[in-house]
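First comes the structure, then the notes that go with it.
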Amino acid sequence: MGPRRSAASSCGRLLLPLLLLGFSGFFQSYAVEVDIKDASNATCLYADWMMRFLIKYESNSGDYKTTTLNLSSSVTHNGSVCGNDTQAALVAVQFGEGHSWSINITKNNETYQGDFITLTYNTNDTAVFPDAKRKGPITVLVRDPSRPIQLNTVFVCHNSFVIEAENTTQIFWNVTMQAFVQNGTVSKKESRCPADTPTSEPTVPPTIANVTTASTTTLSPAPTTAPKPVENPVTGNYSLKSGNKTCFLATVGLQLNVSQEKPLLININPKTTVADGACGNTTATLKLNDGNSTLIGFTFAVKNTSASVQKFYLREVNVTLLNRLNGSVISSADNSNLSKWDAFLGSSYMCRKEQTLQINENVQVHTFNLWIQPFLVEANKFATAEECIADSDLNFLIPIAVGVALGFLIILVFISYIIGRRKSRTGYQSV
Ligand SMILES: *[C@@H]1O[C@H](CO)[C@@H](O)[C@H](O)[C@H]1NC(C)=O
Ligand SMILES: *[C@@H]1O[C@H](CO)[C@@H](O)[C@H](O)[C@H]1NC(C)=O
Ligand SMILES: *[C@@H]1O[C@H](CO)[C@@H](O)[C@H](O)[C@H]1NC(C)=O
Ligand SMILES: *[C@@H]1O[C@H](CO)[C@@H](O)[C@H](O)[C@H]1NC(C)=O
Ligand SMILES: *[C@@H]1O[C@H](CO)[C@@H](O)[C@H](O)[C@H]1NC(C)=O
Ligand SMILES: *[C@@H]1O[C@H](CO)[C@@H](O)[C@H](O)[C@H]1NC(C)=O
Ligand SMILES: *[C@@H]1O[C@H](CO)[C@@H](O)[C@H](O)[C@H]1NC(C)=O
Ligand SMILES: *[C@@H]1O[C@H](CO)[C@@H](O)[C@H](O)[C@H]1NC(C)=O
Ligand SMILES: *[C@@H]1O[C@H](CO)[C@@H](O)[C@H](O)[C@H]1NC(C)=O
Ligand SMILES: *[C@@H]1O[C@H](CO)[C@@H](O)[C@H](O)[C@H]1NC(C)=O
Ligand SMILES: *[C@@H]1O[C@H](CO)[C@@H](O)[C@H](O)[C@H]1NC(C)=O
Ligand SMILES: *[C@@H]1O[C@H](CO)[C@@H](O)[C@H](O)[C@H]1NC(C)=O
């Protein structure tokens, strides 16, 4: 008898309302637990997790609003199936006023892996989408970017991680999940997500502690430079494709400065960072998700400097930081009014020295070893680079120029002093 699925589960375990940091106020978080049994009443698929969605939608007045869609207390899991060698496993949940979420999971000899994640949100739900212009269900489909998981191990991720797709940010945390469970017992062997695995590099907190104590004890006059972790961020290589052609190239080391109360520096780890986005003829966007609750988006645009000369420039940067433990938004910053990093269309822009982008009063992005080309990438290679002023040799001339100017000034002052003395002397003589 083939594995028939009879579902038995407890859904919507109510957890204590968690205090949300930042601007979002209070919310209630619910955990979902799905335990699918096969024909012999043995567990074949188990999942217990928490999730939340940030969704951008258009309001009647034509502007875009971002709302938070949380799970409600009553969640059903109709349609969830165990799966086998030929059929994908499916975890499907329905909640609230016509919202649903699902993931199908496939396996091979050694591993299992999410294939597609489907989120359907219903903008007809006026409590979540007040004033929505378009009413009705909207479905977004996104390929699961997570790595394959060893068969007969349970995937565990306590820290939050994020998947972005078409106007939605899907946040997951406190996840325990195993598909293709054998012998009805969820494995004791865990596969941990990258965000849960501490990096071997020296961690940021001790440095911050040291710097903080130093600055409070020595009371130095308003520090002009933020305290830094000892190391600069590792430089990462990111690219976007259109069809099978590379259309966006970026090499950059990224560091965030999130100074809500005290400066906090976060280095983006290229090893865990996934690039996504869209190329275009006049705008291009690179979205980076560090797999550790940090999202950064860069939008470039093309401008005409004269009738025939076109340049590209960095127009917008947005940064979203999530609480690693409960997926709440700590900070969401956007500056869509930038005019940085410009270079002629068809070339690339390079700036090896540290650059600072001010996103809002609390958030800065520092870039290192930057080399970027958002448009007209040919043959997977950077075109000729235009270098920033900070990099160029002209920089060495600035102190010299200042020195020369100062010298002239001193000579000028001296001459006028001599002339002044002479005049006053002649003045005395004439008396
Ligand atoms: C499965 O277990 C439940 C209770 O645990 C029981 O009510 C049900 O009859 C069992 N079904 C089969 C097919 O054994
Ligand atoms: C897999 O599951 C499907 C549907 O439950 C079933 O039709 C099929 O025979 C199964 N295949 C194997 C190899 O067990
Ligand atoms: C599955 O296992 C067979 C033999 O055990 C091997 O030939 C095949 O390459 C494996 N497939 C994958 C995707 O690992
Ligand atoms: C998973 O679901 C997506 C969307 O419904 C579908 O396109 C894809 O074929 C499914 N994958 C498998 C292996 O069934
Ligand atoms: C939206 O809800 C209203 C009532 O609240 C209903 O009349 C309408 O048919 C719904 N529209 C859609 C697309 O579900
Ligand atoms: C997503 O947002 C863009 C504008 O940023 C809008 O043009 C598009 O229609 C939206 N898509 C959906 C599915 O809401
Ligand atoms: C994570 O889940 C466990 C039990 O599954 C629960 O005790 C804990 O409070 C949850 N943590 C958060 C941050 O929700
Ligand atoms: C499941 O049971 C079979 C036989 O009882 C055993 O050989 C196998 O190792 C078990 N698998 C796991 C993952 O415990
Ligand atoms: C996640 O971020 C924290 C804080 O920035 C850091 O300590 C940790 O090493 C990061 N984890 C990974 C896998 O990068
Ligand atoms: C930070 O403080 C610890 C002990 O308090 C010390 O061992 C370490 O060298 C300090 N690091 C720096 C960068 O000053
Ligand atoms: C992908 O690239 C190959 C050459 O490398 C080309 O022949 C093929 O048509 C391309 N496919 C698409 C979908 O662009
Ligand atoms: C973008 O540019 C290409 C080549 O110049 C052209 O074929 C295409 O139609 C343009 N697309 C749009 C949306 O303007």
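Ligands are counted one by one from 1 in listed order, and the atoms in each one are counted from 1 as well. Numbering starts at 1 and runs along the sequence shown.
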Quiz item: Quick one: which ligand 4 atoms are inside 4.0 Å of a heavy atom on Asp115?
Solution: 1 (C), 8 (C), 10 (C), 11 (N), 12 (C), 13 (C)

Quiz item: Using a distance-only test with no angle check, is there a side-chain donor-acceptor pair under 3.5 angstrom linking Asn237 and Thr251?
Solution: yes

Quiz prompt | Phe300 and Phe248 aromatic ring geometry - parallel, tilted or perpendicular at 30°/60° bounds | solution = perpendicular

Practice problem: Could you verify whether a donor N or O on one side chain and an acceptor N or O on the other, from Tyr112 and Gln150, lie under 3.5 Å apart? | Solution: no

Quiz prompt | Within-cut-off N or O pair, Asn104 and ligand 4, under 3.5 Å | solution = yes

Quiz prompt | Ser191 side chain to Thr153 side chain, donor-acceptor N/O pair below 3.5 angstrom | solution = yes

Which protein N or O atoms sit under 3.5 Å from any N or O of ligand 12? Give atom names and distances.
| from | atom 1 | to | atom 2 | distance (Å) |
| --- | --- | --- | --- | --- |
| ligand 12 | 2 (O) | Asn281 | OD1 | 3.3 |
| ligand 12 | 2 (O) | Asn281 | ND2 | 2.4 |
| ligand 12 | 11 (N) | Asn281 | ND2 | 2.7 |
| ligand 12 | 14 (O) | Asn281 | ND2 | 3.2 |

Quiz item: In terms of side-chain heavy atoms, does Asn326 have a donor or acceptor partner in Ser328 at a distance below 3.5 Å?
Solution: yes

Self-check item: Interfacing atoms of ligand 4 (cut-off 4.0 Å, heavy-atom, Thr106)
Solution: 13 (C)

Self-check item: Within-cut-off N or O pair, Thr118 and ligand 4, under 3.5 Å
Solution: no

Self-check item: Lys340, NZ atom: more than 12 neighbouring heavy atoms under 6.0 Å
Solution: no

Quiz prompt | Pair Thr285-Thr299, side-chain donor/acceptor within less than 3.5 Å | solution = yes

Exercise. Might you work through the side-chain hydrogen bond (donor to acceptor under 3.5 Å, both in side chains) test for Thr111 and Asn108, ending with a clear yes or no?
Key: CA-CA 6 Å; Thr111 60; Asn108 65 24; 3.2 Å; yes

